[in-house]
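Structure first, then comments.
Proteins get letters first, then strands, A, B, ... in listed order; numbering begins at 1 in each.
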Amino acid sequence: MADDPIIRLFHVHKHYGSKSALADISLTFGRGEFVFVTGPSGAGKSTLLKLLYLGTPASAGQILVDGMNLARIPRKRIPYLRRRFGIIFQDYKLIASRSVFYNIALVLEAAGERSALIGKKVRHMLRSVGLEKKADVLPPSLSGGEQQKVAVARAMVGGPQIILADEPTGSLDPDSAAIIIGLLEDFHARGGTVIVATHDREMIRRSRRRVIALQDGRLATPAAREAP
Amino acid sequence: MRALMRRTWLDLSSHKFLNLITVITVALSMLIVSAFLLFAANTGELLDSWRRGVRMMVYLQEGLDDARRRDLQQTLAKLPDISEVRYISKDKALQQLRRALPGQASIFATLRKNPLPDAFELRVAVGAASPQGLQEIATTIRSVPGVSDVEYGQQWLARFADVTRLLRMIGYTMGGLFLAAGIFIVANTVRLLLYSRRDEIDIMRLVGATERFIRMPFYLQGILQGALGGALGVTVLYLAYLYVAGGFRHAGLAGAFSPRFLSPAEIGALLLGSTLAGWLGCFLSLKQFSRLQENG
Ligand SMILES: Nc1ncnc2c1ncn2[C@@H]1O[C@H](COP(=O)(O)OP(=O)(O)OP(=O)(O)O)[C@@H](O)[C@H]1O
Ligand SMILES: [Mg+2]
């Protein structure tokens, strides 16, 4: 898997003001790999994911995504970088004033998908997360778990290369969590790259994937450390 | 494209009241702008004739021969402040009168002899057309041998022209101000919408939307508000025009002064102007908004 890296980080640092959130991170994610990023609250998991889609720029170091150096991507190209990712945000980031359907369709519309296909793809995604009856509902009237499912559907609908999932099962009951994990596994089985940030030890243990542990913004497991 | 329309429609319909208010305010400012334009269009002719000078009729004594008449014409032309001297023979004057009163043919039929005098039509330069100035010129001309009478009925024109000129100046200024107000109103509405939808815009960016995609509905909305406001303003002005012009006709003034409405080209320019104002308002707000975001 390391022979065909899709994401590489070289001595990446991130600090907010004077506070360091990530320090000297060097990592490689293989194409088609399924990786967990774990660590206690505040360890820097979300920050690590954020750096990958340029949600915030790295303070130092280099990040390559599919051969592109993120530090060199012009502003105008950032949307195209982001379309390679399907992102499940820890706080979902659904548009509260728009229907569930619209929230998911937005990804396709923004990517210039043909109108005829948008409806089909969105309904298909809604079915796979079991929310076909909630298409016209506004996100705030959904339960936390349902909102999380919408976030998952939105992350997957555009056919991304890489899924970044930040606590994707955080507010789900075990059955729903299993459905979501199943979707991520399917995506992985079709060749997609999956990076999941989670505290959920049980999920990590069961899946037997590579685990990257963070502690206070540093890589904590020598096993996961890789020379750049 | 259809998706864009739908998103714009969603934006419009989820802020119906705000958008309605915006369109109405833009319509009001465009109404005022176009009303001044209409005023300018209708007073243009008047000002033109004013610019050529105030008319003064000089009637000649009967029986002047051609040579004396030509002398007189030269004398008049040499007077200061006289810009034009045109001879109108009594035959020509009668013809003109006949044409002006087509229903009164019987009166002319009873005439055995032309009762009208020969005359000169003078133009008094604008600068001298004050009431006293006209009076002095008339007195001078009356004392010229061969002249029987002098008539000038257009002092009002001088005063009216001054007022008209002032009104037009005010009109252009007000028109400019209200156009600026239209731009400002659209800018303000778009700004309100942008701030109320900050989160949504951030989310769109995160899922890979380009700035163009994000901004398009706002532009469309601004342009639509401008165009609708302009159309509404011009429509209201047209109704007002119909009412006023109808009043003129009832008062029997139709022949003396028949106001015209704006030409299609002028209407087109107005609509284009208000549409551009909508676009510009939107442009300004988006620019300010993205500058704020870059700093924050
Ligand atoms: N936008 C920000 N501004 C300032 N500090 C931040 C910001 N985002 C994160 N941090 C800080 O960076 C550190 C890492 O945060 P991060 O959200 O990456 O942790 P996390 O591992 O995802 O935690 P959790 O498990 O609670 O989600 C924290 O100390 C946090 O306070
Ligand atoms: Mg986090």
Side-chain angles (χ1 to χ4, degrees), chain A residues 49-50 52-56 74-99 101-119 122 138-140 150-151 153-162 164 166, chain B residues 1-22 189-221 224 282-283 285-296:
Chain A
L49 299 189
K50 212 169 171 181
L52 301 182
Y53 61 85
L54 273 179
T56 184
R75 245 189 137 69
K76 291 215 163 215
R77 302 297 303 170
I78 293 177
Y80 302 95
L81 168 76
R82 290 183 182 158
R83 287 179 202 173
R84 291 165 180 265
F85 293 101
I87 310 167
I88 302 162
F89 299 94
Q90 190 166 14
D91 54 355
Y92 319 139
K93 292 204 189 301
L94 301 175
I95 301 170
S97 57
R98 301 283 190 241
S99 69
F101 185 96
Y102 179 98
N103 267 277
I104 299 170
L106 178 63
V107 177
L108 299 170
E109 284 182 5
E113 180 65 274
R114 283 187 300 136
S115 304
L117 286 181
I118 291 177
V122 172
L138 295 182
V150 176
R154 183 183 63 187
M156 294 190 157
V157 75
Q161 270 181 295
I162 307 159
L164 305 178
D166 201 346
Chain B
M1 197 60 204
R2 231 170 58 210
L4 172 65
M5 293 298 184
R6 191 157 36 102
R7 283 200 300 138
T8 309
W9 173 244
L10 268 174
D11 290 352
L12 283 173
S13 56
S14 58
H15 294 93
K16 274 194 208 76
F17 187 68
L18 183 62
N19 282 299
L20 190 70
I21 292 291
T22 307
T189 304
V190 171
R191 190 165 55 229
L192 276 175
L193 289 182
L194 280 169
Y195 282 94
S196 76
R197 295 175 48 199
R198 264 184 130 130
D199 293 346
E200 180 175 351
I201 291 170
D202 283 342
I203 291 170
M204 290 208 258
R205 290 202 176 112
L206 288 175
V207 302
T210 57
E211 289 306 298
R212 214 175 91 95
F213 177 85
I214 294 170
R215 285 164 192 221
M216 208 68 108
F218 288 102
Y219 273 120
L220 218 60
Q221 200 170 330
L224 223 64
C282 189
F283 175 78
S285 273
L286 281 168
K287 208 167 153 171
Q288 186 198 27
F289 185 70
S290 61
R291 211 173 32 233
L292 276 178
Q293 287 208 319
E294 274 163 33
N295 298 341

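Distance CD1/A/Ile87 to CZ/A/Arg154: 8.5 Å, rounded to 0.5 Å. Taking CZ of B/Phe289 as the reference point, atom CD1 of B/Ile201 lies at 4.0 Å (rounded to 0.5 Å).
Contacts of A/Leu54 with chain B are absent, with no heavy-atom separation under 4.5 Å from either backbone or side chain. For A/Tyr80, the part lying under 4.5 angstrom from a heavy atom of chain B is the side chain only. Neither the backbone nor the side chain of A/Arg84 comes within contact range of chain B; no heavy atoms are under 4.5 Å apart. In this structure, chain A has heavy atoms under 4.5 Å from both the backbone and the side chain of B/Leu206. Contact annotation for B/Arg197: only side-chain heavy atoms (C-beta onward) come within less than 4.5 Å of a heavy atom of chain A.
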I would like to know whether B/Glu211 and A/Arg75 meet salt bridge (charged side-chain N to carboxylate O under 4.0 Å, His left out); could you show each step before the answer? CA-CA 10 Å; B/Glu211 289 306 298; A/Arg75 245 189 137 69; over 6 Å; no
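With respect to chain A, the highest number of heavy-atom pairs below 4.5 Å among B/Ile214, B/Ile203, B/Val207, B/Thr210 belongs to B/Ile203.
Within the 4.5 Å cutoff, side-chain heavy atoms of B/Leu194 are placed close to those of B/Ser285.
Among B/Asn19, B/Thr22, B/Val190, the one residue that satisfies the side chain to side chain contact (heavy atoms under 4.5 Å, CB included) test with B/Gln221 is B/Asn19.
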